[in-house]
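To start, the structure under review is shown below, and the notes come after it.
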Amino acid sequence: MASILGISAFYHDSAACLVVDGEVMAAAQEERFTRIKHDHRFPVNAARYCLKEAGVTIDQLDYVGFYDKPLLKFDRLLETYLDYTPAGFLSFLKAMPLWMKEKLWMPDLIGTEMGKVAGAEDDRSARKRAKQFRWKLLFGDHHESHAASAFYPSPFKEASILTMDGVGEWATSSIGVGRGHEITMLKELRFPDSLGLLYSAFTYYTGFRVNSGEYKVMGLAPYGEPKYVPLIKEKLVEIREDGSLRMNHEYFGYSQGLRMTNGAFNKLFGHPPREPESKITQREMDLARSVQEITEEVVLKMARYARRETGLKKLCLAGGVALNCVANGKLLRDGLFDDIWIQPAAGDAGGAVGIALAIWHRYLGQPRVSPESQGTWRSSRERSNGCLPPYADGMKGSYLGPSNSEAEIEQFLKANNYPYTKYSRQDLPNAVAKLLAAGKVVGLHQGRMEFGPRALGGRSIIGDARSSKMQSVMNLKIKYRESFRPFAPTVLREHVADWFELEADSPYMLLVANVAEKRLRKMSQEEEKLWGIEKLNVVRSEIPAVTHVDYSARIQTVRREVNPLYWDIIEAFRRQTGCPVIVNTSFNVRGEPIVCAPEDSYRCFMRTEMDALALETCLLDKQDQPRLQEQTDWRQEFSLD
Ligand SMILES: [Fe+2]
């Protein structure tokens, strides 16, 4: 019996996760509580929430695990700076005070922060409180935390593990094998050679923010041509057969300084980096497509190598690069592995889950029971007699965050005099589906909040996927973001193969596949000639709002047993319209963390042109609401992502 709190912090996307006897009870990112996107501070609020959710007091905790090893990271920084002196000296000086002050004294710092989790209001009383703690503090290796987050919650008895990110301590990618409760790391690629940092360099160069704009580069890629692939391979990176890389660091700035690319890089592509928020041109689209193709090639080669080395036909993925769902979709279609499972919080937030589970299984040697070993799981691609194969994993659909009871919601609405209509659980799906079918955009706040970067029907904005206007309406009037970005569909798992070229579960929206041939409407020759983003306005399928220019879609499948209310809403929509697919985007505006509490949802609903809001079974009509009184322009509140 053990209660373990996993922590990921001080880089980006801080998070906490509570594991009790091997079961993930709760997990959340700090940004959702502080409302600061990618908040990197110690996750005081998230940790407090996790303990409360599981009914564990801080004094009942047995272990606190931190997801990486600060001393090893310090070692890497020091060596890198020395290697590149004097160019690296500037960033050495910039980074040092933080390292000396905070990161090297991690055990003390974690103790103090945990004192704050326990309620202490200042550092002094927090330090005093920390002396009473009886839990043991353990540190994990960054990529081993990713590997643990990929394998332990997966449905598989044994599997190959591939982790890929920017950089941890030294490793930037690693290959391992998971068997039962054991994980063995086999091989790693080391800094400064890194697929994640290569992608981030292009993210920076195309004018997006590193560590958050990578998915925009992926979204931009289908508009471009891979015309820079030969140049990248000739000058920037050598890709070996096993997927390892050798990068030419004459062109990159991240080893020596705080910039990703340098003057030589600019000269190679004939331009300085695009200014953020300036017009996106064909050049950025071609660059995006080129780095995307390089990434897919590397991921496939690494996976092939892992398959050969381990001999295992299942694959688990984690690390920031595993959020590249286009590459994941290719990997699945490649057929190299029978099945793939991807940790939904693949970035560093997921390290909190990884370290907590690693303490339970690796440190404490506790056995692991997987759905596959229990016989409650089969390949997600098998259907027998038309029935779906059973599906389960250890992440509970990623619904690991806070929820609100009906009573709490009604109390909130009544206290603020916000008009609403209360529905029965049975009638709400029909009412919401009716709004969707009439072209309305609905905010949906129900059940537990998602852990990881995707909204999966717990804190989502939803709309009609059949509408040709939905994409631009949602982008411009609701999300206030760049219009090139496609929206993702949620589809009932039962119907996925009828609408997409996919017969598998994709519960975490981490797989891209094409819209099924029979649902497509081919473009005319005239339309084919349209440039980039203009193409997006051409109706190319029965579900244009979620069909990207290359006919692909980033799919979420939903099962009733995992998210009953969400499934019921889409089923009601299907009964009304014949279409089991809706648009699902995260419940936030650009630059804002996904909403967490009812007040966040209400505020976001009122600030945008959303038509209705479902808070559990209370439905709010925008037209009935009092005017939102705000002192400042909320657009200044969030820095653009
Ligand atoms: Fe990482």
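As a basis for the values below, the full set of heavy atoms in this structure was taken, side chains included, without hydrogen atoms, waters or symmetry mates.
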Q: Measure the CG-CE distance between Asn584 and Met474 for me, rounded to the nearest 0.5 Å.
A: 8.5 Å
(Q) Which residue is it: Tyr11, Tyr67, Phe191? I am looking for the one with a ring-ring contact (aromatic ring centres under 6.0 Å, His included) to His142. (A) Tyr67
Q. Would you call Leu511 and Cys325 a side-chain contact if the rule is heavy atoms closer than 4.5 Å?
A. no
Q | Residues, nucleotides or ligands: over 12 heavy atoms within 6.0 Å of Lys301 NZ | A | yes
Q) Checking Ser200 side chain against Leu197 main chain: does a donor-acceptor pair fall under 3.5 Å? A) no
Q: Check whether the ring centres of Tyr508 and Phe451 lie less than 6.0 Å apart, and answer yes or no.
A: no
Q: Would you please test Arg35 and Glu30 for salt bridge (Lys or Arg N to Asp or Glu O under 4.0 Å) and show each step?
A: CA-CA 8 Å; Arg35 313 303 302 149; Glu30 184 70 358; over 6 Å; no
**Q.** Close side-chain approach of Leu268 and Leu236, heavy atoms under 4.5 Å
**A.** yes
Q: Given side chain to side chain contact (heavy atoms under 4.5 Å, CB included), test Tyr215 with Arg554 step by step and report yes or no.
A: CA-CA 12 Å; Tyr215 65 106; Arg554 181 162 51 94; 5.8 Å; no
(Q) To the closest 0.5 Å, what do you measure between OH (Tyr305) and OG (Ser173)? (A) 12.5 Å
Q. At their closest point, which heavy atom of Gly166 faces which heavy atom of Thr172, and how far apart are they?
A. O-CG2, 3.2 Å
Q | Heavy-atom side-chain contact between Lys235 and Tyr251 under 4.5 Å | A | yes
Q) Between the main-chain N or O of His38 and the side-chain N or O of Glu31, is there a donor-acceptor pair closer than 3.5 Å? A) yes
Q) Can you name the closest pair of heavy atoms from Asp393 and Pro153 and give their distance? A) CB-O, 3.3 Å
Q: Check the pair Leu315, Phe156 against side chain to side chain contact (heavy atoms under 4.5 Å, CB included), reporting the backbone distance first and the verdict last.
A: CA-CA 9 Å; Leu315 177 70; Phe156 311 138; over 6 Å; no
Q) Looking at side-chain heavy atoms only, is the closest gap between Glu284 and Phe208 below 4.5 Å? A) no
Q | Tyr223 and His548: CA distance, side-chain angles, deciding distance, ring pair (Phe, Tyr, Trp, His ring centres under 6.0 Å) verdict | A | CA-CA 9 Å; Tyr223 299 105; His548 210 345; 5.4 Å; yes
Q: To the nearest 0.5 angstrom, please state how far the CD1 atom of Ile582 sits from the CD1 atom of Ile462.
A: 4.5 Å
Q) So, do Pro489 and Trp499 sit near enough that their side-chain heavy atoms are less than 4.5 Å apart? A) no
Q.
As an exercise, state the distance from SG of Cys604 to CZ of Arg459, rounded to the nearest 0.5 Å.
A. 12.5 Å
Q. Hey, mind stepping through Phe500 and Val581 against side chain to side chain contact (heavy atoms under 4.5 Å, CB included) and telling me if it holds?
A. CA-CA 10 Å; Phe500 301 95; Val581 186; 4.2 Å; yes
Q. Pro344 and Pro453: which non-hydrogen atoms are nearest, and at how many Å?
A. O-CD, 3.5 Å
Q. Is it true that Glu241 and Arg308 make a salt bridge, defined as a side-chain N closer than 4.0 Å to a carboxylate O?
A. no
Q: Say whether, by atom type as modelled, one donor and one acceptor occur between the side chain of Ser467 and the main chain of Asp464 under 3.5 angstrom.
A: no
Q | Working for side chain to side chain contact (heavy atoms under 4.5 Å, CB included), residues Asp39 and Ser14 | A | CA-CA 6 Å; Asp39 200 339; Ser14 291; 5.7 Å; no
Q. With distance as the sole criterion, is a donor-acceptor pair present between the side chains of Ser8 and Asp348 under 3.5 Å?
A. no
Q: Return the minimal non-hydrogen interatomic distance between Ile569 and Leu444, and the atom names on each side.
A: CD1-CD1, 3.9 Å
Q: Consider only side-chain N and O atoms of Glu214 and Asn324, and report whether a donor and an acceptor are under 3.5 Å apart.
A: no
Q) Does any non-hydrogen side-chain atom of Ile342 lie less than 4.5 Å from one of Asn328? A) yes
Q: For the pair Arg466 and Glu542, find out whether any cationic side-chain nitrogen is under 4.0 Å from an anionic carboxylate oxygen.
A: no
Q: Could you walk me through whether Thr490 and Tyr566 pass side-chain hydrogen bond (donor to acceptor under 3.5 Å, both in side chains), step by step?
A: CA-CA 10 Å; Thr490 304; Tyr566 194 37; 2.7 Å; yes
Q | Worked verdict on Asp334 versus Arg304 for salt bridge (Lys or Arg N to Asp or Glu O under 4.0 Å) | A | CA-CA 10 Å; Asp334 185 75; Arg304 257 182 223 132; 3.4 Å; yes
**Q.** Ring-face cation contact, Tyr551 with Arg519, 6.0 Å cut, 45° max
**A.** no
Q: Rounded to the nearest 0.5 Å, what's the gap from CD1 on Ile175 to NE2 on His143? Could you check?
A: 12.0 Å
Q. Ignoring hydrogens and geometry, is there a side-chain-to-backbone donor-acceptor pair from Ser160 to Thr310 under 3.5 Å?
A. no
Q | Nearest heavy-atom neighbours spanning Lys227 and Ser290 | A | N-OG, 3.5 Å
Q | Shortest non-hydrogen separation from Gly224 to Gln282 and the atoms involved | A | CA-NE2, 3.7 Å
**Q.** Inter-residue atom distance Asp505.CG - Arg559.CZ, 0.5 Å rounding
**A.** 4.0 Å
Q. Any donor and acceptor pair, going by atom type alone, linking the side chain of Arg307 with main-chain N or O of Phe337 inside 3.5 Å?
A. no
(Q) Would you say Gln292 and Thr295 are linked by a side-chain donor-acceptor pair, where the criterion is simply a distance under 3.5 Å? (A) no
Q: Decide, yes or no, whether a salt bridge links Lys233 with Glu297 under the criterion of side-chain N to carboxylate O below 4.0 Å.
A: yes
Q.
With salt bridge (Lys or Arg N to Asp or Glu O under 4.0 Å) as the criterion, how do Glu527 and Arg521 come out once you've worked through the C-alpha distance, each side chain's angles and the decisive distance to 0.1 Å?
A. CA-CA 12 Å; Glu527 289 166 342; Arg521 177 192 162 273; 3.4 Å; yes
Q. Do the ring planes of Tyr205 and Phe269 sit parallel (below 30°), tilted (30 to 60°) or perpendicular (above 60°)?
A. tilted
Q.
Strictly distance-based, threshold 3.5 Å: is any side-chain N or O of Arg283 a donor or acceptor partner for the main-chain N or O of Thr281?
A. no
Q: Would you check if the side chain of Glu309 reaches a backbone N or O of Ala306 as a donor-acceptor pair within less than 3.5 Å?
A: no
Q. Hey, is the main chain of Leu456 close enough, under 3.5 Å, to the side chain of Glu450 for a donor-acceptor pair?
A. yes
**Q.** Within-4.5 Å side-chain heavy-atom neighbours: Tyr199 and Met218
**A.** yes
(Q) Whether the side chain of Arg289 engages the backbone of Pro226 through a donor-acceptor N/O pair (distance < 3.5 Å, no angle test) should be reported. (A) no
Q.
Contact between Val562 and Arg493 at the side-chain level, heavy atoms closer than 4.5 Å - yes or no?
A. no
Q.
Other residues, nucleotides and ligands only: do more than 12 of their heavy atoms fall within 6.0 Å of CD on Glu238?
A. yes
**Q.** Residue pair His249 / Asp193, side-chain donor-acceptor N/O under 3.5 Å
**A.** yes
Q: Kindly check if the number of other-residue, nucleotide or ligand heavy atoms within 6.0 Å of CZ (Arg246) is above 12?
A: no
(Q) Strictly distance-based, threshold 3.5 Å: is any side-chain N or O of Thr163 a donor or acceptor partner for the main-chain N or O of Ala147? (A) no
